[in-house]
2 protein chains.
Amino acid sequence: MAETALRILDEYGLPDLTMRRLAAALDVQPSALYWHFPNKQSLLAELADRIVAPRDARRDAPRVASQAGERDWAARTRSEAESLRDGLLAYRDGAEVVSSTLALGLGASGPGERLTAAIESGGFDAETSRRAATALAHFVLGHVSHEQQRLQYDSLGVLPDGAVPDALDAGGEQAESFTFGVTLLVEGLERHRVTR
Amino acid sequence: MAETALRILDEYGLPDLTMRRLAAALDVQPSALYWHFPNKQSLLAELADRIVAPRDARRDAPRVASQAGERDWAARTRSEAESLRDGLLAYRDGAEVVSSTLALGLGASGPGERLTAAIESGGFDAETSRRAATALAHFVLGHVSHEQQRLQYDSLGVLPDGAVPDALDAGGEQAESFTFGVTLLVEGLERHRVTR
DNA sequence: ACCTGAACACCGTTCAAGT
DNA sequence: ACCTGAACACCGTTCAAGT
């Protein structure tokens, strides 16, 4: 059932992921869904969990090219951020689904913990690591949400097909922009250690 | 009309801000709204613009206590980030309203430009400044969205009234957590300059 | 244990018609 | 120029009843 929901999500987007459509896809009455889930919100929470769950492809080995002389913890942290982004991008509107259930503490325990652990491996105390992980996660979610919203509007042909009138990121090249943001946070953390 | 919409938003939240409710509040038929706005999306875009528009209270003078020996541009950037946060927090679900309309390039041209200008005043090139402003804006939106979602769940009494089972930010004290994230980004930018 | 049928209380949007 | 009336095609959720 969650699998069918993910298929609808990826194919038609979050606004079209309705209980009625899901029921139709399962050849079942809408009311039947409420035996399996108490409401739509918990269905979405389940989807969020699956979206951020580690994919098989991305193993523990850091897939991000480490910069010259970069410390291990930084490479690991970058890698975690990158794979969180990949997870969100793997499904249409993935970032929005995860954001919407985040406050309940359901979706992000996995990635949140992995990010925190990566930072702690740099020798930062627990409090600092948790806060930095939060900041990183907020950046990733904000960035990917924006990115996916753009994808949606592009596919609808809403944007005039020439210039891209985007106030926040007129340049495109989302991946570079993403890496830059992660770099700022990681280097800010390094400087934070040096300074105090 | 936008003012009435903002009142409903602030009082009942985004899910309850429906065209029908707004019409009722204006003593008018729902269809009447469509003479003023082509659809709900553009109504929300208008609201987003007003939410991020500079408040009278926060003038150009930086209201953020500048850290010892901190450069001017950094204080200014912190101040812009802070006032963006204040703007989003001024209305219930403000961050979500702004996020949802952001990709159209409508909502954030104001604050996006102010953030970019603040960073550029530190001597960074246009490209770097734009990207850093984007990263900062994404962090701010992600952070405040999360913050406001928590407020909502708290008010609904969904969370067991003792421990706060939040995976991303178990500690509370949102303001400190916000400042910490901004600091990481600002210091990362400073280090970025030093390094290259 | 799992699903149907039917209903309740809603949505956003369109469009002819009124004034 | 601005609004009404009525409709269209949907929503999430509940609940008795079936098997």
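To find a chain, count down the sequence lines: A is the first, B the second, and so on, and within it residues start at 1.
In this structure, A:L33 atom CG and D:dT14 atom P are separated by 13 Å, rounded to whole Å. B:Q29 has its CD atom 22 Å from the P atom of D:dA1, to the nearest Å. Atoms CG (B:L14) and P (C:dC11) sit 13 Å apart, rounded to a whole Å. Between the NZ atom of A:K40 and the C1' atom of D:dT13 there is a distance of 12 Å, given to the nearest Å. Per the geometry, CG belonging to B:N39 stands 8 Å off P belonging to C:dT14, to the nearest Å. One can place CE of A:M19 at 20 Å from P of C:dA9, the figure rounded to the nearest angstrom. Rounded to an integer number of Å, the gap from CZ of A:R21 to C1' of D:dA9 is 13 Å. Rounded to whole Å, atom P of C:dA17 lies 22 Å from atom OH of B:Y34.
Proximity of a side-chain donor or acceptor of B:Q148 to a complementary backbone N or O of B:Y91 within less than 3.5 Å is detected. Looking at B:E80, its side chain never comes within 3.5 Å of a backbone N or O of B:E113 through a donor-acceptor pair. A donor-acceptor contact shorter than 3.5 Å links the side chain of A:S145 to the backbone of A:L141.
Contact check, B:H36 against D:dA1: no side-chain N or O comes under 4.0 Å of OP1 or OP2.
No donor-acceptor contact under 3.5 Å links the side chain of A:T18 to the base of D:dG12.
Considering only the side chain of A:R20, C:dA7 comes nearest among C:dA7, D:dT14, D:dT4. Distances from the side chain of B:A32 to the nucleotides C:dG12, C:dC3, D:dC3 place D:dC3 closest. Residue B:W35 has its side chain nearest to D:dC2 when only C:dT14, C:dT4, D:dC2 are considered. Nearest to the side chain of B:S31, among D:dG12, C:dT13, D:dT4, sits D:dT4.
A 3.5 Å limit on both hydrogen-bonding distances identifies D:dC15 as the Watson-Crick or G-U partner of C:dG5.
In terms of heavy atoms, B:A81 sits closest to B:L115 at N-CD2, 4.1 Å.
Residues A:H192 and B:F180 place their aromatic rings such that the two centres sit under 6.0 Å apart.
Nucleotides D:dC10 and C:dA9 have their C1' atoms positioned 13 Å apart, rounded to a whole Å.
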